[in-house]
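In this text the structure is predicted, and so the values were computed from the model without any measurement.
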Amino acid sequence: MEKEKNESSSSNGNPKPWQSYQTVYTNAKAGMDGVDKEKVQRVVYEMSKGSKYFENEERKEAFIRQKIEHMRARCAKLTAHDISHYQKVVDNRLPELEATRDLSRTWLHVDMDAFYAAVETLSDPSLKGKPMAVGGMSMISTANYEARRFGVRSAMPGFIACKLCPELNFVPTDFKKYTYYSDLTRKVFHNYDPNFMATSLDEAYLDITEVCRKRGISSSEIAEELRTRVYKETGLTCSAGVAPNRLLAKIGGIGKVTEHILRDVFGIKTCEEMLEKGSFICALLSNSTADFFLSVGLGLGGTATPQIRIVMLETWEELNGDAFDRIEAPGLGI
DNA sequence: TACATACAC
DNA sequence: TATGGTGTATGTA
């Protein structure tokens with residue numbers, strides 16, 4: 001375990017001041033290819049340092065580092081006997097989790113591309129091809145692909161985005177507009193799964209098992225058809241992921257703090273390693289947290305449509321005579 | 001039970 | 001000049 005190196009260090013071994021684990025946290029989001037990450041990190045650091053926000057971030061990072069040190073110390077103290085005990089716990093638990101695997105359903109995860117920015121471009125086509133962000137000087141909610149090439153991204157303050165991309169066009173948020181277009185996409189989703197789960201204005205999970213069976217076509221054909229129909233109805237593009245459960249259809253659920261802990265305490269970077277290091281996970285973490293990680297390692301995710309919002313749904317329908325069914329997905333929906 | 005943290009959009 | 005608002009899940013005091 002002590003061999004594990006902190007990968008946020010630069011290759012000569014000395015991290016630059018702006019290279020805290022936080023800013024080096026890998027960003028695999030679409031449109032970030034070819035961005036000069038080092039330059040972006042430096043600009044963000046220069047614009048942030050000294051601010052209240054920055055000091056608070058540093059305090060939180062120090063706290064996490066301390067937590068990680070503590071966990072590493074506990075790891076180091078585990079005896080061979082402890083480890084073989086927890087290995088047995090894992091060996092019992094994995095088959096139990098495996099037994100819950102359900103490969104009988106097909107889930108589709110739909111994610112609108114740069115949704116707010118794309119809607120704003122529909123209402124003002126002169127923005128097409130120009131770097132643009134929805135939000136203001138304090139906060140950006142969405143950046144289009146032209147802006148992302150400069151390192152501009154969601155949840156970045158607008159004044160930093162200006163520094164990265166002086167040509168950036170700002171458009172104020174208009175949720176009425178986004179709700180209108182979201183409803184148009186949801187009318188399309190409804191044709192494929194009347195009980196689809198909406199997680200936000202621009203994302204939804206659809207159980208397409210039945211529609212595939214009824215029409216005798218594959219899930220990828222359904223995905224392509226749905227994307228075409230969404231485009232026809234709205235003029236907006238979306239991406240769609242297909243898998244036997246929601247976790248795999250979307251991929252996610254582990255954020256920067258969890259990633260840091262997994263990597264620096266347990267040396268875990270892949271799902272395979274999550275299973276290999278299972279005994280350490282069980283030794284240090286609660287049962288529910290350990291179950292969560294082992295399930296992620298096995299690629300297990302939610303497959304059933306929760307029927308928990310029936311009462312709210314009826315109320316909602318009473319209020320909206322011709323409304324279609326809709327289930328709001330709880331939490332991460334995985 | 002109340003509060004803090006992590007996560008997602 | 002300036003770093004969101006909201007909902008869910010989980011852990012801890």
Side-chain angles (χ1 to χ4, degrees), chain A residues 20-23 25 27-30 40 43-68 70-71 109-119 133-143 151-164 168 170 172-175 178-179 181-182 185-186 197-205 238-239 246-247 249-262 281 284-293 295-296 301-302 306 308-309 312 327-334:
Chain A
S20 70
Y21 87 87
Q22 188 213 359
T23 49
Y25 171 62
N27 190 324
K29 235 179 149 46
V40 172
V43 170
V44 171
Y45 174 79
E46 290 299 331
M47 299 297 289
S48 298
K49 70 176 175 192
S51 69
K52 271 271 172 287
Y53 170 82
F54 184 83
E55 281 167 20
N56 192 41
E57 286 300 298
E58 286 204 313
R59 187 187 57 78
K60 286 197 297 196
E61 283 175 33
F63 183 79
I64 292 163
R65 273 195 293 273
Q66 202 183 337
K67 179 178 170 178
I68 284 172
H70 182 237
M71 288 176 77
H109 178 252
V110 189
D111 188 342
M112 303 302 296
D113 300 334
F115 183 55
Y116 299 172
V119 169
V134 175
M137 282 302 132
S138 298
M139 186 51 63
I140 283 173
S141 32
T142 313
V152 177
R153 46 188 284 190
S154 319
M156 175 181 273
F159 67 92
I160 294 181
C162 276
K163 201 79 176 178
L164 289 168
L168 189 62
F170 281 89
T173 47
D174 180 353
F175 278 98
Y178 314 142
T179 306
Y181 280 95
S182 180
T185 67
R186 290 175 183 190
M197 299 163 67
T199 46
S200 65
L201 288 178
D202 73 325
E203 278 190 31
Y205 293 96
C238 61
S239 41
R246 291 190 294 275
L247 174 87
K250 178 181 166 70
I251 301 295
I254 296 192
K256 70 179 181 191
V257 173
T258 309
E259 179 189 332
H260 193 206
I261 290 172
L262 286 173
I281 288 179
L284 264 73
L285 304 172
S286 70
N287 285 344
S288 65
T289 307
D291 265 5
F292 172 74
F293 287 134
S295 298
V296 168
I308 54 170
R309 303 289 175 95
M312 284 177 67
I327 293 181
E328 296 290 351
L332 298 173
I334 56 176

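Rounded to an integer number of Å, the gap from A:Asp111 CG to B:dA8 P is 13 Å. Note: CD (A:Glu57) to P (B:dT5) measures 12 Å, nearest angstrom. A:Leu201 places its CG atom 13 Å from the C1' atom of C:dG5, with the value rounded to the nearest Å. When the P atom of C:dT3 is taken as reference, atom NZ of A:Lys60 falls 13 Å away, rounded to whole Å. Atoms CG (A:Asp113) and P (B:dC9) sit 14 Å apart, rounded to a whole Å. Rounded to a whole Å, the CD atom of A:Glu58 is 15 Å from the C1' atom of C:dT3. A straight line from CZ of A:Phe159 to C1' of C:dA2 spans 5 Å, rounded to a whole angstrom. Atom C1' of nucleotide C:dT3 and atom CZ of A:Arg153 are separated by 13 Å, given to the nearest angstrom.
Put simply, A:Thr258 has a side-chain N or O that comes within less than 4.0 Å of OP1 or OP2 on B:dC7. Dashed line: the shortest gap from a side-chain N or O of A:Lys256 to OP1 or OP2 of B:dT5 is not under 4.0 Å.
For C:dT3, there is no paired base (Watson-Crick or G-U wobble, both distances below 3.5 Å). Searching all strands for a Watson-Crick or G-U wobble partner of C:dT8 with both distances below 3.5 Å returns B:dA6.
For the pair A:Ile254 and A:Phe293, the minimum side-chain heavy-atom distance is below 4.5 Å. Between A:Glu55 and A:Lys52, the closest side-chain pair of non-hydrogen atoms falls below 4.5 Å.
Applying the salt bridge (charged side-chain N to carboxylate O under 4.0 Å, His left out) criterion to A:Glu46, with sequence neighbours excluded, gives A:Lys49. Residues satisfying the salt bridge (charged side-chain N to carboxylate O under 4.0 Å, His left out) test with A:Asp174, not counting sequence neighbours, are A:Lys177.
Looking at the side chain of A:Ile64, the nearest of the listed nucleotides B:dA6, B:dC9, C:dT3 is B:dA6. Checking B:dC9, C:dA2, C:dT3 against the side-chain heavy atoms of A:Ile160 singles out C:dT3 as nearest. Out of B:dA6, B:dC9, C:dG4, the shortest distance to the side chain of A:Val257 is found at B:dA6.
Going from the P atom of C:dA2 to that of B:dC7 covers 27 Å, rounded to whole Å.
Residue contacts for A:Asn56: at a heavy-atom cut-off of 4.0 Å it reaches no nucleic acid atom on any strand shown.
A salt bridge links A:Glu57 to A:Lys60: at least one charged side-chain nitrogen sits closer than 4.0 Å to a carboxylate oxygen.
Ring pair A:Tyr205/A:His109 is tilted by interplanar angle, where 30° to 60° counts as tilted.
In this structure, the side chain of A:Ser141 engages the main chain of A:Val134 through a donor-acceptor pair within 3.5 Å.
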Distances under 3.5 Å between protein N/O atoms and the N/O atoms of nucleotides 11-13 of chain C, please, pair by pair.
residue	atom	partner	partner atom	Å
C:dG11	OP1	A:Ser286	OG	2.3
C:dG11	OP1	A:Ser288	OG	3.0
C:dG11	OP1	A:Thr289	OG1	2.5
C:dG11	OP2	A:Ser288	OG	3.1

